[in-house]
Amino acid sequence: MPLRDAERLHLLLEVGRLLSSKLELSELLATVLELASRVVDAETASLLLLDEKTSELYFDVALGLGEAAAKTRLKLGQGIAGTVAQTRKSEVLNEVRKDPRWSPKMDEKSGFVTRSILAVPILLKGRLLGVVEAINKRGGAFDEADREAFEALASQAAVAIDNARLFSSLREEKFKLSTVFAQMHDGAALTDADGRIVIANDAARRLLGTELVDLAGGFKTMAVTPSLPELLAQDAPAQEFTAVRKEPTLLVVTGRSTRADLSGVEGRLFVFRDNTEAWRQEVLKRSFLSLISHKLKTPLASVIGFSGLLLGELDSDKTDPMKLKAVRNIYEQGCKVGELVDKLLRYTILESPDAAIKTSAVGIDEVVAEALNALSDKITAKQAVVDYRTTGLVLTADRGLLVEAVKNLVENAIKFDPKTAPTVNVRVETEGGWTELSVSDLGPGIPPEAVESVFSRFHQVEKDFTGQQDGIGLGLAFVKRVAELHGGKVLLQSQLGEGTTVTITLPARVTA
């Protein structure tokens, strides 16, 4: 092998080593041009990159060509470099002044004299990155060996440029992410699929430890619900989670886990906050409501019991009408308050973190019948028509809770429909191992902005809209909690002026 070829091979090997070690794009491009002129023994070199937005070539680096080159842009097909970019084929021009594509303007502005050009496209997997040019062969003309060597250099440069751009992009995205994370008051941690920390902010480290390496370590003293493996599962959607540490001091962390794409690799984003004080307040609120409810039971029992006895002993023909009306009102209002207290008690017990359900085989027809029987007085008073078609279905559920849930839905459907003799439809369907129990009315519907909030505790749609404000706003909150305890959910669909349908979806083993 001639010495010249041996030196060139050695230089190309050196090119590969040098280019693979450069990750700063500006430093890399300067190195590419320095090596380009050496590989083919040229006086200088230039490198044009493709602006993908405008489909134009621009000089990123041009050794010795002055500021004029930096301001020049070429459309694809324009000039020698533009032609190489468009055809994606190398060009060897040893007498550029005879080629109509060459323009002397650059030489006139820079004072440089161009005699010959070797131009090669920079391609990566068929994608054009730019064009590299060697200018003015020293002591002769560019030949086929120069073209092959220059194409080899361009191929290595393409990989190096793409890597440098990727590195720059990742660094920029990490900087943006770090900036966003740093400004967040909530804890935020980005992890890989195994829960190892990619980036976390100071708020996350304050909650989970300054030496935060992975979530397993951060949550090691806490009970996490759902479990960490469930939160990290690749097929898991966005999930709410709670982590509780009871010793040495109470810490309650609540947050949300969502999928995150880490450059094509599945990861998870955890955003969370210290919710200890809110949790304490919630426990106190439940305890207070439960205590008050229990305290009210005894005097209410006396009011309802004695007023009921008095009402039974009074002769309607001989008793003063005002006195009779007063005793009847005391009894009816006492019963109404007693019913509200019972609902409040059931809900506070059900909302407890320790709430459990007792499941058994439950006939849907029996559940609906029991609920409608309990509401018979209200159905009769409103002259309501409740349409239910028996199904014969049996599922695994807590019978008492399911009866109460159906009662709440039917009662709401009757109560919030201002029409005389309202119609309520109760339907049960099964699909894919799930049971859907729907209660529909033809009432005024629910405003779109209130659909989500109606499931909140003590929330009611405004009286001006419904014409009805009886109750304490726990009906749908109770239904939602029942569904959740069964591993199901509640869906509400409503159209103003057309009515509302509430559907309880329960996972169940169903038999006909």
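Just so it is clear, the values below take in all heavy atoms, side chains as well, and ignore hydrogens, waters and symmetry mates.
Once rounded to the nearest 0.5 Å, the distance linking CG of L409 with OG1 of T500 reads 11.0 Å. Atom OG of S46 and atom CD1 of I117 lie 7.5 Å apart (nearest 0.5 Å). Taking CD of E240 as the start and CG of L231 as the end, the distance is 10.5 Å to the nearest 0.5 Å. From N412, atom CG reaches atom CG of D417 across 12.0 Å, with rounding to the nearest 0.5 Å. Taking CD1 of I446 as the reference point, atom CZ of F416 lies at 8.5 Å (rounded to 0.5 Å). To the nearest 0.5 angstrom, T430 atom OG1 is 12.0 Å from L437 atom CG.
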Evaluation steps, salt bridge (charged side-chain N to carboxylate O under 4.0 Å, His left out), between D186 and R273: CA-CA 5 Å; D186 290 348; R273 65 177 58 182; 2.9 Å; yes
field: side chain to side chain contact (heavy atoms under 4.5 Å, CB included) evaluation trace for L401 with I357
entry: CA-CA 8 Å; L401 291 181; I357 59 175; 3.5 Å; yes
- request: For side chain to side chain contact (heavy atoms under 4.5 Å, CB included), just list the numbers for T505 and T435, CA-CA rounded to whole Å, side-chain angles, deciding distance to a tenth of an Å, and then say yes or no.
  value: CA-CA 6 Å; T505 302; T435 297; over 6 Å; no
task: Could you walk me through whether L93 and I80 pass the side chain to side chain contact (heavy atoms under 4.5 Å, CB included) test, one step at a time?
output: CA-CA 9 Å; L93 301 171; I80 297 168; 3.2 Å; yes
message: Quick one, E43 with R115, criterion salt bridge (charged side-chain N to carboxylate O under 4.0 Å, His left out). Give me CA distance, side-chain angles, the key distance, then yes/no.
response: CA-CA 10 Å; E43 290 182 9; R115 299 186 305 275; 2.8 Å; yes
- request: Apply side chain to side chain contact (heavy atoms under 4.5 Å, CB included) to the pair I197 and V213, showing each step before the final yes or no.
  value: CA-CA 6 Å; I197 301 295; V213 177; 5.8 Å; no
- request: Check the pair K137 / D146 against salt bridge (charged side-chain N to carboxylate O under 4.0 Å, His left out), numbers first and verdict last.
  value: CA-CA 10 Å; K137 175 75 173 182; D146 290 326; 3.2 Å; yes
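Between the side chain of N275 and the main chain of V253, no donor-acceptor pair closer than 3.5 Å is present. The closest donor-acceptor contact from the side chain of N136 to the backbone of V113 lies under 3.5 Å. A donor-acceptor pair under 3.5 Å links the side-chain atoms of N94 to the main chain of F142, judged by distance alone. In this structure a side-chain-to-backbone donor-acceptor pair under 3.5 Å is missing from D398 to T359. A donor-acceptor pair under 3.5 Å links the side-chain atoms of Q239 to the main chain of E230, judged by distance alone. Checking side-chain atoms of E484 against main-chain N and O of R481 turns up no donor-acceptor pair under 3.5 Å.
Between the side chains of T83 and Q86, no donor-acceptor pair of N or O atoms lies under 3.5 Å. Residues R268 and S257 have side chains that bring a donor and an acceptor to within less than 3.5 angstrom of each other. Judged purely by distance below 3.5 Å, without hydrogens or angles, the side chains of T503 and E436 never pair a donor atom with an acceptor atom. E151 and S90 form a side-chain donor-acceptor contact under 3.5 Å, judged by distance and modelled atom types alone.
Taking both residues in full, the closest heavy atoms of V39 and A149 are given as CG1-CB, 3.8 Å, listed atom of the first, atom of the second, then distance. When all heavy atoms are compared, the tightest approach of L129 to L124 is CD1-CB, 4.2 Å. Shown here for W102 and V96, the closest heavy-atom pair between the two residues is CB-O, 3.4 Å. Scanning both residues, A413 and V439, for their nearest heavy atoms gives CB-CG1, 4.2 Å. In terms of heavy-atom proximity, L57 sits nearest to G130 at CD2-CA, 4.4 Å. Contact between S440 and T501 at its shortest, heavy atoms only, is OG-OG1, 2.8 Å.
Counting heavy atoms from C-beta on, the side chains of F241 and L228 never come closer than 4.5 Å. Within the 4.5 Å cutoff, the side chain of D194 has no heavy atoms near those of the L232 side chain. Inter-residue side-chain proximity for L49 and Y58 is flagged as met; some heavy-atom pair is nearer than 4.5 Å. Looking at heavy atoms from C-beta onward, L208 lies in side-chain contact with F272 at the 4.5 angstrom threshold. Side-chain contact between T54 and K75: absent, with no pair of heavy atoms (C-beta onward) separated by less than 4.5 Å. Counting only heavy atoms from C-beta outward, the side chains of L506 and L395 approach each other to under 4.5 Å. Side chains of I135 and L118 form no contact here, defined as non-hydrogen atoms less than 4.5 Å apart. Using a 4.5 Å cut-off on side-chain heavy atoms (C-beta onward), V131 and V120 make no contact.
Applying the salt bridge (charged side-chain N to carboxylate O under 4.0 Å, His left out) test to pairs two or more places apart or on separate chains, those with a residue in residues 78-93 are E91-R101.
In terms of the side-chain hydrogen bond (donor to acceptor under 3.5 Å, both in side chains) criterion, residue partners of R245 (sequence neighbours excluded) are, by chain and number, T249.
With respect to R73 and D51, a salt bridge is recorded, a charged nitrogen being found less than 4.0 Å from a carboxylate O. The pair R138-D41 meets the salt-bridge criterion, since a charged nitrogen lies less than 4.0 angstrom from a carboxylate oxygen.
The only option from T254, V244, L251 that meets the side chain to side chain contact (heavy atoms under 4.5 Å, CB included) definition with T276 turns out to be L251.
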